[in-house]
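Data block below; observations after.
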Amino acid sequence: MNDAATPARYDFAAAEPRWQEAWTAQRCFSVPDVPAGDRPKYYVLEMFPYPSGKIHMGHVRNYTLGDVVARYKRARGHQVLHPMGWDAFGLPAENAARERGVHPAQWTYANIAAMRAELQRMGLSLEWDREFATCDPSYYGHQQKLFLDFLKAGLAERKESWVNWDPVDHTVLANEQVIDGRGWRSGAVVEKKKLSQWFLSITKFAPELLSALDGLERWPERVKLMQANWIGRSEGARVRFALETPAGGIPEVEVFTTRPDTLFGMSFLAVAAEHPLAAAAAANNPQIARFITEVRSLGTSEAAIEQAEKRGIDTGLRVRHPFTGETFPVWIANFVLMEYGTGAIFGCPSGDQRDLEFARKYALPVPPVILPPGADPASFQIGDTAYTEDGTLFNSGFLDGLGTAEGKRAAIDALEKQGAGTGVVNWRLRDWGVSRQRYWGCPIPVIHCEACGVVPVPDEQLPVTLPEDVDFSKSGNPLDHHPTWKHVGCPSCGKPARRETDTFDTFVDSSWYFARFTAPKAGTPLVAEAANGWLPVDQYIGGIEHAILHLLYSRFFTRALSGMGKMQAPEPFAGLFTQGMVQHASYRAKDGRWLAPDEVDVAADGSATDKATGLPVTVSRNDKMSKSKRNTIDPGAIIDQFGADTARWFILSDNPPDRDMEWTTAGVTGASRFSQRLWRLVHNALPTLPAPEVLPAADAARDLRRATHRTIAAVTEALETFAFNVAVARIHEFANVLEAHQGADAAARREALEAAARLISPMMPHLAEELWSMLRPGAPLVATLPWLESDAEIAKADSVTLAVQVLGKLRATIEVPVGADEATIFATAEAEENVQRALAGRPIRKRIHVPGRIVNFVA
RNA sequence: GCGGGUGUGGCGGAAUGGUAGACGCGACGGACUCAAAAUCCGUUUCUGGCAACAGAGUGUCGGUUCGAGUCCGACCACCCGCACCA
């Protein structure tokens, strides 16, 4: 290897740690808790990781994207806050405890140490001094304080709600732990069970959370749309239907509808299985009781409920129509959601597809009430498809002849007049249930006292820390079985009382961490000057899977905390970027085993064989990297083999960052080759370059200098717009130009090579420092330098190529001087032989000229 | 089921309504080498043609326009989210 004939190569393994140390030693990435001086602030944040133990390519992509932004903004003169921490509570630690007997805390902190080391090798411009984990008592203790403030402000309350219950393990299951309606561990059929739980009153902010979306100009439209749909504002009416004979003391059923205009199309009324009326009907009817039990085994997830086959049972009860006095049957239906509206609907099969399917299945009538424009009222029939669009009302008594909008108004007026209903705005958004029956989470700091009720833990007793001696061998919540932990004296009356054993949803932890990062060591949860100085986060980056919940909860917390005067920030994240997933081909043997990428040989045509057996394997593309499919690539191994810069460069070059990318070995080796090529360009040029002070002569190497300044402009624009793959492409092109100009004016070449070194710095920061130190020994680090400016005068072109079309088809291209007059351009274009042939002697009827772009002749 | 997104060569992708396929990967041909690796040069959307050139072409069908990958309408396929995974 050290043979004199071997060409010199860039030794990334030596260089990368060296530059990382230099950045740390010079504290290049440190900023004060309160932004100071006249440099504008810029807060770059990537969604902090769950410490699973190893970083995966999704993390590498996420943090590379953030680091490009952080380094670029720093070069543009901002003081950049760029912290990192750990979303450290959650189920996997408890699973590890159950499966391997390792304590969640020990497991988690070991994972954090391992992942921190891996992240540090990536050369990210992070300020590690601000690091914390949400499982640190110094973090979650402050969270408990915030919860007590929520309680005082009336933003937290106890309510009952339904959970997935495993009757064998005696434990609450997450939706992901419910597989085909059964508990993942026990295999028992899951039931819905009602528990009293803590809720945060996010619905109080629903109107604001919705209207403020408009102001989030640097959020993807689709994320805003998803949030708007999630919040789900809908205008409609609540309508009360009196029961013909009250059941279980219930005299009437209230439904919510967005279509009061279709009330005359009613054919039945349906309630959710959890509705009180359902329980009343089941009281002395075992068949109904059995049906309710069956529906309860569907689980609590909306997807499971709505995807299930539509089923129902007639309760035998009947309700009276407020307008006609007619009576209709009351059904219990599995597609009616207790959580939405009032948990009851009136069924109008002609105007709602779900109602129609239900009516057809149970042979209920389908009276049509909305006439599509142009349809004949005498012959109009509903087949397999409900008519859900606007139209003209008919068969609808006093509403006949009205349009949809007027019909709604008239129906609501009539309902209000006779006291049978009111026009209302309904929200899909529900209050946020934050209670979890788990050990590895932040304890909810309240005490239940027989005499005093719910008593907040006094401030001076915070934090309420988790006990360390816990037993995971029993099913259920370990905090609940702990022999002593929950037994405490009531802070109010002193009598024996019981500590709350539920812990917070981990989404609570991540709803304010971005604010804590501004003053991570403070003795109070937040320091207003720090939070106000840095927030909102200027650029937040993470996966699209968080588009709704995490972002919405953070927006809610930001408003709540601002409302309580803890800080003043209208929104947590001014700019949001959602990255795509990292995928990899997966390989499956004939016998069904999944094979890891290093267990197969991939041929040139893409087919693959099992290295061990030589048998062909099935290759599938575009699979999300996952342990189960064994198609993960370990970032650590990639960095060992190719270096952090290569991994970063490939990830940026592959495709636009908001799309899913495919990790390929070929792509990595290509990126590696390019880093060596750049290094070689500088290495080979060094002996021929003049001193840095020598400026290129005015007209020396114009092509090269034009390319240099055009590249600066193009890369700058690409970085500004998150088009990192385009930035990479422009630098590739520039390298091609550099190679073609190795004999050009030496000062121009120095200018070009120095530009190359600095333009790659957000993306390949180590190589940038290496090249810069070669070109300018002893000069300050690239990490401390301002961004390059393009000189428009040098970048300007002398001539321009115009496409010439005849009837919109390309027939020739012409080269004209910049600023040539239109007549000359048309004459030149017309004179082209190919243009003449295409015109075939026909007169030109119209001449179109788009300066700098195109000439089109219409003949 | 509801909501959201994506679709361009062999592959990843580029393209303010204006030359479709920049740039990279792969492949093929060549140079260097005893040989290989590394590196460099060239070709590479498809069809026809020696070529000049012509025709077709951005998931499908239709529309607007001098001109559509881009705008509009309908459809198809795939992916993601759905409140206790993080």
Side-chain angles (χ1 to χ4, degrees), chain A residues 6-7 9 47 49-50 52 87 89-92 161 163-164 172-178 197 220 222-223 225-226 228-230 232 300-308 310 335 339 353-354 357 428-430 432-438 505-507 510 543-550 552-553 580-581 604-606 621-622 624 650 653-656 658-662 664-667 669-671 673-674 676-677 680 723 725-726 728-733 736 739 801-813 833-834 837 845-848 850 852-858:
Chain A
T6 307
R9 287 176 69 79
M47 291 179 183
Y50 178 79
S52 58
D87 189 13
F89 275 133
L91 272 180
S161 84
V163 295
N164 297 309
V172 176
L173 297 176
N175 283 332
E176 67 154 18
Q177 296 175 324
V178 180
Q197 314 211 58
R222 60 171 168 150
V223 173
L225 193 56
M226 281 192 258
N229 288 333
W230 189 261
T300 57
S301 92
E302 191 177 311
I305 293 165
E306 294 204 10
Q307 242 166 315
K310 287 180 187 44
F335 65 90
E339 286 81 14
Q353 190 60 31
R354 285 174 304 180
E357 284 170 32
R428 205 184 83 97
L429 185 67
R430 314 200 291 256
W432 174 14
V434 293
S435 295
R436 298 290 182 270
Q437 294 69 42
R438 320 239 179 258
D505 176 5
T506 56
F507 272 126
S510 55
I544 186 74
E545 65 273 20
H546 291 292
I548 299 175
L549 294 180
H550 162 58
L552 194 61
Y553 293 151
M581 286 186 304
D605 65 357
R621 309 187 61 92
N622 301 330
K624 184 177 179 172
F650 168 56
S653 68
D654 188 63
N655 67 354
D658 56 341
R659 297 222 206 139
D660 292 346
M661 75 168 285
E662 194 179 351
T664 60
T665 311
T669 52
R673 218 159 30 225
F674 183 72
Q676 291 294 346
R677 189 171 157 215
R680 210 165 39 240
N725 58 325
V726 178
V728 167
R730 295 289 97 87
I731 291 171
H732 269 286
E733 285 173 357
N736 292 341
E739 233 148 42
T801 306
L802 288 181
V804 183
Q805 298 181 337
V806 177
L807 285 166
K809 270 190 191 297
L810 181 72
R811 295 300 174 185
T813 58
E833 191 188 335
N834 230 23
R837 186 162 44 218
R845 287 190 285 124
K846 194 170 171 187
R847 293 176 170 82
I848 294 152
V850 181
R853 295 282 180 187
I854 205 161
V855 171
N856 190 11
F857 295 131
V858 184

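Just so we're on the same page: letters track the sequence lines, and every chain starts at 1.
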- Message: Let's see if you can work this out: which of B:A83, B:G1, B:A86 has an atom nearest to the side-chain heavy atoms of A:Thr506?
- Response: B:A86
- Message: Once you apply a heavy-atom cut-off of 4.0 Å, does A:Ala303 come out as touching a base, just sugar-phosphate, or nothing?
- Response: base
- Item | For atom CZ of A:Arg673 and atom C1' of B:A37, their distance in whole Å | 12 Å
- Query: Between A:Tyr553 (OH) and B:C82 (C1'), how many Å, whole number?
  - Reply: 11 Å
- Looking only at atom P, what distance separates B:A14 and B:G24, rounded to whole Å? 15 Å
- Message: Check this for me, if you would: do A:Glu733 and A:Arg730 make a salt bridge, where the nitrogen-to-carboxylate-oxygen distance has to be below 4.0 angstrom?
- Response: yes
- So what does A:Phe674 hit on the nucleic acid, given a heavy-atom distance under 4.0 Å: a base, only sugar-phosphate, or nothing? nothing
- Query: Expressed in whole Å, how much space separates the P atoms belonging to B:C78 and B:C84?
  - Reply: 30 Å
- Message: Need one value for A:Arg811: base, sugar-phosphate or nothing, where a base atom within 4.0 Å counts as base even if backbone is also close, heavy atoms only.
- Response: sugar-phosphate
- Query: In whole angstrom, what separates A:Asp660's CG from B:C11's C1'?
  - Reply: 16 Å
- Message: Taking only the C1' atom of each, what is the distance from B:G9 to B:G26 in whole angstrom?
- Response: 12 Å
- Task: Can you tell me, in whole Å, how much space there is between the C1' of B:U8 and that of B:G30?
- Result: 31 Å
- Using both distances under 3.5 Å as the test, list the Watson-Crick or G-U wobble partner of B:A86, or none. none
- Note on the structure: 5'-most contact on RNA chain B (nearest-nucleotide basis), A:Arg677 vs A:Arg730, goes to A:Arg730
- Item | Minimum-distance nucleotide (side-chain atoms of A:Glu545 versus B:C23, B:G13, B:A86) | B:A86
- Message: Less than 4.0 angstrom between a side-chain N/O of A:Asn229 and OP1 or OP2 of B:G4, yes or no?
- Response: yes
- Query: Tell me: CG of A:Leu549 to P of B:C84, nearest whole Å?
  - Reply: 7 Å
- Tell which nucleotide pairs with B:A68, taking only Watson-Crick or G-U wobble pairs whose two distances are both under 3.5 angstrom. none
- Quick one: are A:Leu807 and A:Val858 in side-chain contact, heavy atoms under 4.5 Å? yes
- Task: Measure from CG on A:Leu91 to P on B:A86 and round the result to the nearest Å.
- Result: 5 Å
- Message: Counting the atoms with a prime plus P, OP1 and OP2 as sugar-phosphate, which does A:His550 contact under 4.0 Å by heavy atoms, base, sugar-phosphate, or nothing?
- Response: nothing
- Which part of the nucleic acid, if any, lies within contact of A:Asp87, taking any heavy atom under 4.0 Å across all strands shown: a base, the sugar-phosphate backbone alone, or nothing? sugar-phosphate
- Heavy-atom nearest nucleotide on RNA chain B taken for A:Ala666 and for A:Ala174; more 5' hit belongs to A:Ala666
- Message: Heavy atoms only, 4.0 Å cut-off, all strands: where does A:Gly543 land among base, sugar-phosphate and nothing?
- Response: nothing
- Message: Just N and O in the side chain of A:Arg659: are any of them under 4.0 Å from OP1 or OP2 of B:A14?
- Response: yes
- Which whole-number value in Å describes the distance from A:Gln676 CD to B:A37 C1'? 14 Å
- Task: Provide the Watson-Crick or G-U wobble partner of B:C2, both distances under 3.5 Å; none if there is no partner.
- Result: B:G81
- Item | Same-atom distance (C1') from B:U16 to B:G69, integer angstrom | 15 Å
- How about A:Tyr50 and A:Thr506: do any of their side-chain heavy atoms sit closer than 4.5 Å? no
- Assign A:Gln197 to base, sugar-phosphate, or nothing according to its heavy-atom contacts below 4.0 angstrom with the strands shown. base
- Are A:Asn834 and B:A54 close enough that a side-chain N or O sits under 4.0 Å from OP1 or OP2? yes
- Across the strands shown, which category fits A:Lys310 at heavy-atom distances under 4.0 angstrom: base, sugar-phosphate, nothing? nothing
- Syn within 90° of 0, anti beyond: B:G9 is syn
- Task: Select base, sugar-phosphate, or nothing to describe what A:Val172 touches, counting heavy atoms under 4.0 Å on all strands.
- Result: base
- Message: Only pairs with both distances under 3.5 Å count, Watson-Crick or wobble alike; so what is the partner of B:C34 in this structure?
- Response: none
- Listed nucleotide nearest any side-chain atom of A:Ile848, set B:G24, B:C66, B:U19: B:C66
- Item | C1' atoms of B:A31 and B:A37, separation to the nearest Å | 16 Å
- Message: Once rounded to the nearest 0.5 Å, what's the spacing between atom CG of A:Asn164 and atom CD of A:Glu176?
- Response: 11.5 Å
- Task: Ignoring backbone atoms, test whether A:Asn736 places a side-chain nitrogen or oxygen under 4.0 Å from the OP1 or OP2 oxygen of B:G24.
- Result: yes
- Note on the structure: Rounded to whole Å, the CH2-C1' distance (A:Trp432 to B:A83) equals 11 Å
- Task: Give a yes or no on whether a donor-acceptor pair under 3.5 Å exists between the nucleobase atoms of B:C84, that is its base, and the side chain of A:Arg438.
- Result: yes
- Query: Reckon A:Arg436 touches a base, only the sugar-phosphate, or nothing at all at heavy-atom distances under 4.0 Å?
  - Reply: base
- Message: Base, sugar-phosphate or nothing for A:Thr801? Non-hydrogen atoms, less than 4.0 Å.
- Response: base
- Note on the structure: For B:A54, the nucleotide meeting Watson-Crick or G-U wobble distances (both under 3.5 Å) is B:U47
- Query: Say you pick atom C1' in B:G10 and the same atom in B:C79; how far apart are they, in whole Å?
  - Reply: 23 Å
- Could you tell me whether A:Gln437 contacts a base, only the sugar-phosphate backbone, or nothing, with contacts defined as non-hydrogen atoms closer than 4.0 Å? base
- Considering only heavy atoms from C-beta outward, does the side chain of A:Ile544 approach that of A:Val223 to under 4.5 Å? yes
- Verify the contact: side-chain N or O of A:Arg222 to OP1 or OP2 of B:G81, cut-off strictly under 4.0 Å; return yes or no. no
- Message: Closest approach to the side chain of A:Asn856, judged atom by atom: which nucleotide of B:U19, B:G67, B:A83 is it?
- Response: B:G67
- When all nucleic acid strands are considered with a 4.0 Å heavy-atom cut-off, which category describes A:Pro49: base, sugar-phosphate, or nothing? nothing
- Can you measure from OG1 (A:Thr664) to CZ (A:Phe650) and round to the nearest 0.5 angstrom? 4.0 Å
- Selected nucleotide, minimal atom distance to A:Arg680 side chain, candidates B:C40, B:G3, B:A83: B:C40
- Message: So, OP1 or OP2 of B:A56: does either fall under 4.0 Å of a side-chain N or O from A:Lys809?
- Response: yes
- To the nearest 0.5 Å, how far apart are NE2 in A:His732 and OG in A:Ser653? 6.0 Å
- Message: Is the ring pair A:His546/A:Phe507 parallel, tilted or perpendicular, if the boundaries are 30 and 60 degrees?
- Response: perpendicular
- Message: Using OP1 and OP2 only, check whether a side-chain N or O of A:Asn725 sits under 4.0 Å from B:C23.
- Response: no
- Task: For A:Arg436 and A:Asp505, indicate whether the former's side chain and the latter's backbone hold a donor-acceptor pair under 3.5 Å.
- Result: no
- As its Watson-Crick or G-U partner within any shown strand, both distances under 3.5 Å, B:A74 has B:U60
- Query: CD1 of A:Ile544 versus P of B:G4: gap in Å, rounded?
  - Reply: 12 Å
- Note on the structure: Of B:G5, B:U19, B:C41, the nucleotide closest to the side chain of A:Glu739 is B:C41
- Query: When you compare B:U47 with B:A15, how far apart are their C1' atoms, in angstrom units rounded to a whole number?
  - Reply: 25 Å
- Any side-chain heavy-atom pair of A:Asn175 and A:Glu302 under 4.5 Å: no
- Which part of the nucleic acid, if any, lies within reach of A:Trp230 when heavy atoms closer than 4.0 Å are counted: base, sugar-phosphate only, or nothing? base
